[in-house]
Amino acid sequence: MDTPFTTIAVVGLGTMGTGIAEVLARAGREVIGIDIDPAAARRAVASLEASTARAVRRERLTERERDDALGRFRTFSDLSAAADAELVIEVVPESYEIKQQVIRELDAVVAPGTILATGTNALSVTRLAAESQRPERVLGLHFFNPAPAMKLVEVVSSVLTAPPAVEAVTRLARELGKEPVAVGDRPGFVADGLLFGYLNQAAAMYEANYASREDIDAAMRLGCGLPMGPLALLDLIGIDTARTVLEAMYAASHDRLHAPAPVLGQLSEAGLTGRKAGRGFYSYAAPGSQDVVPDALTPGGGTPGVTGRTVTGVGVAGSGTMASGIAEVFAKAGYAVVLAARTPEKADAAKGRIARSLDRSVTKGRLTSEARDETLARITPAGSLDAFADVDLAVEAVAEDLLVKQQLFATLDKVCKPGAVLATTTSSLPVVSVARATSRPQDVVGMHFFNPAPAMKLVEVVRTVLTADDVHATVREVCVKVRKHPVDCGDRAGFIVNALLFPYLNNAIKMVEEHYATLDDIDAAMKLGGGYPMGPFELLDVVGLDVSLAIEKVLHQEFRDPGLAPAPLLEHLVAAGCLGRKTGRGFREHARR
């Protein structure tokens, strides 16, 4: 099928339909915009006028190009206007009844060779195609919001779709400057299939009062480099829309991770659907506004009325990358740091690693030579934990092994002075099990730094049921002094970041196991459609497949949810010694370092 698609109809002129119309008009296509609501059509024209005017001011369009694009966009209120279109893209509300009616009516209007594309991100393309007299010409064309900016387009084939139709639409997507990804017909497709499960778990985490909305969002932005936190993103997408997508996903998968969190239904039924309503998980200045305003749930920060303990000296136990990074963070902030390892040689080597890191900062102009020298002078290497006798805060960053950590904390209990705060950097082990190895569990807290510690801004502050209020306050105050962002969470597997991140990674692996999409397509979909800095398989290879499997097992053991069981492919790769970049092979081949 070699069609140029010179005339394209867009049915439904909401935010998405208007965005798609803009993309098409600016790419030289004649665009027929159709909406039964005259006000929606007027808003679409005004939106296109405003966005193209901005493009002219930013010198991305000339005035002539703007006039031409606006001249190519015409609006109508009746589907009969699509009669001359070679392609029709429907983006009406996510309802089988509404979409099926549109498809049936279009069948009676358009030419036999016209392709009908549904913009659904939740409903079955096959079921919609079955309503058409020409199901081989029906497919999915899923743009992402905002359509002019987002590069990803998922091209969805049903078992009825003719390959030439897919090829023609894929070619169009490339001509529009988009990155098309071919996927099969399942709810959520690739990007939303992974994204909405993650958003649902974040909503459930908030509903369980495990962490505040602000801390959940900050944790995922700062810990994973995401452009938005999950609850803010749900407000942007629309909580009612998210619930619809999840209902469709759950109907197909029966995976409890896709069963919509009750809070999504409660907010939807109350009309609190997010930004468009002026209130969702957050409150906004007005309906449609992006400006968050304080409300009754806005936190005051810290523990009210509690003052932290004084901290001037810090001990860091360990000699690996994380220990060195944490020691560097504290020393840069002006703390006297004792860096203790199993032997003096390992401690000296760890300090040497810090020196090299500081040298790189000097070379890049981020640090002066004087500041480097002062920072290094604050770090005292030691070959024994006995050197922690006078520290006010002891932070361990040793192997992620409960027995090893318990033995270390038993030693800290004997060595550290009364009142010293004892912190573990564990990312997956129960903090309280470490605390019980001491005679002062009230002084023990989790401080989960992220790697590389000097660069990553997040610290998860983990309270156990035994942690004293002033210990919690101390750690939060210290985090601020070392220019980190503390988020509070309880003592359960994965804390915030790993509890939300690793099920998403596990689900990506399951997509590959099921031959639904390729590694490259999934990585591209999440980077281009979700704004992720890395695709899931890129990230898995960086983190290490063995580390990932260990965290998955801990999450599965704690929550006992079948959906959290580690993907067999992950277990097989780890058993084969394919652990990611560090071994030269994981999900992909890597050059040995």
Side-chain angles (χ1 to χ4, degrees), residues 194 223-225 318-326 341-343 345-346 349-350 352-354 356-357 360 396-405 425-429 448-456 493-495 497-527 532-557 564-593:
L194 293 176
C224 296
S319 58
T321 303
M322 182 60 83
S324 301
I326 294 171
R342 286 193 298 253
T343 65
E345 292 77 19
K346 286 184 177 293
R353 186 182 295 112
I354 296 170
R356 291 190 293 276
S357 172
R360 288 192 293 272
E396 69 78 17
V398 299
E400 192 72 347
D401 180 290
L402 182 58
L403 182 59
V404 171
K405 290 185 186 293
T425 61
T426 182
S427 63
S428 60
L429 301 174
H448 181 210
F449 286 80
F450 287 74
N451 202 20
M456 299 295 281
F495 310 136
V497 173
N498 286 348
L500 296 178
L501 174 64
F502 280 89
Y504 149 76
L505 296 175
N506 200 44
N507 285 337
I509 300 170
K510 291 177 182 177
M511 277 191 176
V512 171
E513 283 182 334
E514 295 163 5
H515 305 288
Y516 177 65
T518 67
L519 302 179
D520 291 342
D521 280 350
I522 293 173
D523 276 354
M526 298 316 296
K527 288 190 290 184
Y532 282 60
M534 299 178 76
F537 297 101
E538 291 175 304
L539 183 56
L540 281 159
D541 277 0
V542 168
V543 171
L545 273 57
D546 52 340
V547 174
S548 302
L549 178 59
I551 293 172
E552 290 288 357
K553 286 181 174 178
V554 169
L555 291 173
H556 185 222
Q557 182 177 4
L564 294 175
L569 178 57
L570 179 62
E571 294 183 306
H572 295 161
L573 287 170
V574 172
C578 302
L579 308 183
R581 286 190 180 180
K582 58 190 173 186
T583 61
R585 183 179 175 188
F587 282 98
R588 294 186 175 90
E589 299 280 350
H590 303 274
R592 289 291 191 114
R593 294 184 177 181

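For the single chain, residues carry numbers from 1 onward in sequence order.
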Colleague: Are any side-chain N or O atoms of T425 and backbone N or O atoms of E396, one a donor and one an acceptor, separated by less than 3.5 Å?
Modeller: yes
Colleague: Under 4.5 Å between any side-chain heavy atoms of L505 and I509, yes or no?
Modeller: no
Colleague: CG of L569 to CE of M511: how many Å apart, nearest 0.5 Å?
Modeller: 14.5 Å
Colleague: Do you know which two heavy atoms are closest between V542 and M534, and how far apart they sit?
Modeller: CG2-CE, 3.5 Å
Colleague: Which distance, rounded to the nearest 0.5 Å, do you find between the OG1 of T426 and the CG of L402?
Modeller: 8.5 Å
Colleague: Do K553 and E571 come within less than 4.5 Å of each other through their side chains, counting heavy atoms only?
Modeller: yes
Colleague: Hey, is the main chain of G586 close enough, under 3.5 Å, to the side chain of R581 for a donor-acceptor pair?
Modeller: no
Colleague: Mind listing the closest non-hydrogen atom pair of A493 and L555 along with its distance?
Modeller: O-CD2, 3.6 Å
Colleague: Between M322 and A397, which heavy-atom pair has the shortest distance, and what is it?
Modeller: CG-CB, 4.1 Å
Colleague: List the atom of S324, the atom of S319, and the distance in Å for their closest heavy-atom pair.
Modeller: OG-O, 4.1 Å
Colleague: Applying side chain to side chain donor-acceptor pair (under 3.5 Å), name anything that partners K346, two or more places apart in sequence or on another chain.
Modeller: none
Colleague: So, do F587 and L545 sit near enough that their side-chain heavy atoms are less than 4.5 Å apart?
Modeller: yes
Colleague: If only atom types and distance count, is the side chain of N506 paired as donor or acceptor with the main-chain N or O of A567 below 3.5 Å?
Modeller: yes
Colleague: Taking the side chain as every heavy atom from C-beta outward, state whether L194 and Y532 have any pair of such atoms under 4.5 Å apart.
Modeller: no
Colleague: List the atom of P536, the atom of M526, and the distance in Å for their closest heavy-atom pair.
Modeller: CD-CG, 3.9 Å
Colleague: Tell me, which pairs form a side chain to side chain donor-acceptor pair (under 3.5 Å) where one or both residues lie in residues 541-551, sequence neighbours left out?
Modeller: D541-H590, D546-K582
Colleague: Taking the side chain as C-beta and beyond, is there a heavy-atom pair between T518 and V512 under 4.5 Å?
Modeller: no
Colleague: State, to 0.1 Å, how close G223 and M456 come at their nearest heavy-atom pair, and which atoms those are.
Modeller: O-CE, 3.5 Å
Colleague: Just how far is it from atom OH of Y504 to atom CG of L539, taken to the nearest 0.5 Å?
Modeller: 7.5 Å
Colleague: Could you state the interatomic distance from CD (E514) to CG (N507), rounded to the nearest 0.5 Å?
Modeller: 9.0 Å
Colleague: What pairs with C224 under side chain to side chain contact (heavy atoms under 4.5 Å, CB included), at least two apart in sequence or on another chain?
Modeller: M220, L226, V497, L501
Colleague: For S428, is there any backbone N or O sitting under 3.5 Å from a side-chain donor or acceptor partner on E400?
Modeller: yes
Colleague: Counting C-beta onward and ignoring hydrogens, is there a side-chain heavy-atom pair between I522 and Y516 closer than 4.5 Å?
Modeller: no
Colleague: Are more than 12 heavy atoms, taken from residues, nucleotides or ligands other than K510, located less than 6.0 Å from that residue's NZ atom?
Modeller: yes
Colleague: Decide yes or no for R588 and D523: does some side-chain heavy atom of the first lie under 4.5 Å from some side-chain heavy atom of the second?
Modeller: yes
